[in-house]
Q: 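Dropping the structure in here first, questions after.
Quick caveat: nothing in here was measured; it's all calculated off a predicted structure. The chains referred to below are lettered A, B, ... by the order of the sequence lines, with proteins before strands, and numbering in each begins at 1.
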2 protein chains.
Amino acid sequence: MSAAPVSPGDGTSASAGSKHEIVYEAIRRRILDGSYGPGHRLVLDRIAREFDVSPVPVREAVRRLEAQGYVDFQRNVGARVATFDEAQFAETTEVLAILEGAATALAAPRMRKSDLTAARRSNARLNALLGDFDPIEFSRENRAFHFVFYDRCPNRQVRALVEQQWAKLDTIRRSSFIYVPGRARSSVAEHEQIIRLVEKGATASAIESATRAHKLHTIQALAAASAARTTRKPPEVR
Amino acid sequence: MSAAPVSPGDGTSASAGSKHEIVYEAIRRRILDGSYGPGHRLVLDRIAREFDVSPVPVREAVRRLEAQGYVDFQRNVGARVATFDEAQFAETTEVLAILEGAATALAAPRMRKSDLTAARRSNARLNALLGDFDPIEFSRENRAFHFVFYDRCPNRQVRALVEQQWAKLDTIRRSSFIYVPGRARSSVAEHEQIIRLVEKGATASAIESATRAHKLHTIQALAAASAARTTRKPPEVR
DNA sequence: CGCCTCCAAATCGTATATGATTTCGAGTCT
DNA sequence: AGACTCGAAATCATATACGATTTGGAGGCG
């Protein structure tokens with residue numbers, strides 16, 4: 001189970017131990033775990049005092065987060081955690097569908113028996129979670145499942161991008177809770193199908209489209225559910 | 001012809017006019033146009049003096065570049081322009097193949113007649129350039145060709161990623177010059193094929209795989225050419 | 001009563017200053 | 001000669017200081 005719990009250092013780390021790095025990691029974690037929800041304002045001086053550092057390293061940290069799309073920054077105004085609307089969520093999911101499909105297909109030939117076993121075990125846990133449904137736990141395990149595959153993807157760039165996009169989605173999942181009734185169950189079934197395809201050495205193309213479809217179903221389910229609760233607006237953060 | 005010449009502000013801009021922004025753009029441009037080749041060392045104080053600013057905004061600029069993968073940064077040592085080896089180049093091209101395939105397929109249904117005309121015109125220019133071959137000009141026009149499609153891709157995230165990856169590749173193309181003899185000609189032919197597929201309303205899947213294959217051919221050609229010049233090592237920068 | 005003007009607090013942007021770390025070479029020992 | 005030690009120069013990391021800009025509201029005006 002090496003699947004990164006929340007995505008470790010996102011790859012582009014460098015200067016461990018420096019104050020700017022500490023602050024960067026801390027803010028990033030808070031964004032990802034929801035302590036800093038979308039729209040949350042990041043006041044540099046305040047953060048600096050909290051971490052007992054000067055504002056300079058805080059600014060550097062925020063710049064990095066800005067460049068990665070975690071926060072929006074406005075000159076002379078400040079930074080705030082990026083806000084996602086449903087459209088952006090859907091778009092990012094689509095990106096992930098594309099990348100995951102490719103990543104899984106690329107990984108397939110490199111999957112060992114033990115990997116498939118791990119995947120099945122993971123999917124079994126997901127199945128077990130279907131009982132009293134815990135969205136957070138399910139999401140975590142779901143991630144773990146998919147990363148069994150990505151870990152074997154030989155293309156580092158693809159892997160990095162997948163992790164990045166996944167992290168982005170996590171930001172949102174925390175706040176506005178995405179939960180589509182029947183989705184989880186069919187998701188588990190699709191997982192098993194993907195495992196089988198890999199197992200029997202299906203073509204890359206077959207594996208890719210199955211994985212992509214799997215993800216796209218989530219968008220569709222979401223869109224349907226969203227259409228259902230007609231008038232209700234998504235929670236706006238100011 | 002709205003295809004960004006070198007990719008304008010990469011999307012995640014924010015604070016125009018600030019010194020940090022000026023420096024950021026300047027350094028970025030230099031990396032992209034090759035003034036700062038891979039491995040080039042970025043000494044903060046020196047850059048600060050050159051732009052007549054303090055080192056603080058320079059650091060911010062560099063942090064952003066770091067987060068985007070343009071430069072590598074080592075604590076207490078400094079920043080240098082990211083170095084790409086051939087493997088990374090291939091991996092990034094593969095990413096681009098995946099994304100471009102998807103982007104083009106997504107764009108296809110939205111392409112208007114005028115867009116196809118523009119694409120053909122662009123491809124004609126590419127064809128004309130086949131004579132006395134100018135790699136830079138060809139590369140520019142090639143980019144323009146593909147962006148005719150991406151501009152119609154409805155998924156912003158995908159578009160942003162494509163631009164980002166393309167910029168990354170540009171960094172490399174400037175320095176170590178990638179030129180594979182017969183490739184350009186077949187490239188033009190493949191372009192025409194893609195146009196036809198879109199024109200006749202082929203399935204998304206058909207368009208996607210054609211586009212992806214088009215890009216992957218470049219990797220293959222490169223690999224072949226690279227295998228040919230056996231002993232010669234790629235230019236190392238220190 | 002609502003709109004506009006002006007001021008002060010909050011916060012950002014950048015410069016300057018200083019301590020810390022790395023690098024690299026001169027000098028020394030074996 | 002080669003390896004090691006020490007130290008100065010270069011450069012990074014961070015703190016502090018201060019001017020600049022935005023924001024929100026008090027008070028005045030129509």
Q: Would you mind classifying the nucleic acid contact of B/V77 as base, sugar-phosphate or nothing, using non-hydrogen atoms under 4.0 angstrom?
A: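 If one applies the 4.0 Å heavy-atom cut-off, B/V77 turns out to touch the sugar-phosphate alone, with no base involved.
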
Q: Taking only side-chain nitrogens and oxygens of B/S54, does any of them come within less than 4.0 Å of OP1 or OP2 of C/dA15?
A: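 Looking at the OP1 and OP2 atoms of C/dA15, one of them is under 4.0 Å from a side-chain N or O of B/S54.
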
Q: Just the rounded figure in Å: distance from P of C/dC12 to CD of A/E60.
A: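 Answer to the nearest Å: 16 Å.
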
Q: Are any of A/R59's side-chain N or O atoms less than 4.0 Å away from OP1 or OP2 of C/dC12?
A: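 Looking at the OP1 and OP2 atoms of C/dC12, neither is under 4.0 Å from any side-chain N or O of A/R59.
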
Q: Taking atom types as modelled, is there a side-chain donor on A/E60 or A/Y24 under 3.5 Å from an acceptor on the other?
A: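 Distance-only check fails for A/E60 and A/Y24.
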
Q: Could you check A/V56 against A/N76 and say which one's nearest nucleotide on DNA chain D is further toward the 5' end?
A: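 Result of the comparison: A/V56.
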
Q: Can you tell me if the side-chain N/O atoms of A/R75 get under 4.0 Å from OP1 or OP2 in C/dG13?
A: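 False: A/R75 side-chain N/O out of range (4.0 Å or more) of C/dG13 OP1/OP2.
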
Q: Using a cut-off of 4.0 Å on non-hydrogen atoms, how would the nucleic acid contact of B/I47 be classed: base, sugar-phosphate, or nothing?
A: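 Result for B/I47 = nothing.
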
Q: Quick one: label B/R46 by what it contacts on the DNA or RNA (base, sugar-phosphate, nothing), any heavy atom closer than 4.0 Å.
A: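 Touches nothing.
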
Q: If I take atom CG in residue A/L44 and atom P in nucleotide D/dT14, what distance separates them, rounded to the nearest angstrom?
A: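 After rounding, the reported distance stands at 16 Å.
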
Q: Rounded to whole Å, how long is the line connecting atom NE2 of B/H20 with atom P of C/dA15?
A: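 The answer, rounded to whole Å, is 13 Å.
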
Q: What I want to find out is whether B/E21 reaches B/R64 closely enough, with some N-O distance under 4.0 Å, to be called a salt bridge.
A: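 Counted as a salt bridge, because a side-chain N and a carboxylate O are separated by less than 4.0 Å.
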
Q: Are A/E208 and B/R212 within salt-bridge range, i.e. N to O under 4.0 Å?
A: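 Looking at A/E208 and B/R212, the cut-off is met.
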
Q: In plain terms, say whether B/R30 and B/E50 are close enough for a salt bridge, that is, a side-chain N and a carboxylate O under 4.0 Å apart.
A: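 Yes, this pair counts.
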
Q: Within this structure, what is the CD-to-C1' distance between B/Q74 and C/dT22, rounded to whole angstrom?
A: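 The distance from CD of B/Q74 to C1' of C/dT22 comes to 11 Å, rounded to the nearest Å.
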
Q: Nearest-Å distance, NZ (B/K19) to C1' (D/dT21)?
A: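 Interatomic distance, NZ of B/K19 to C1' of D/dT21: 15 Å.
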
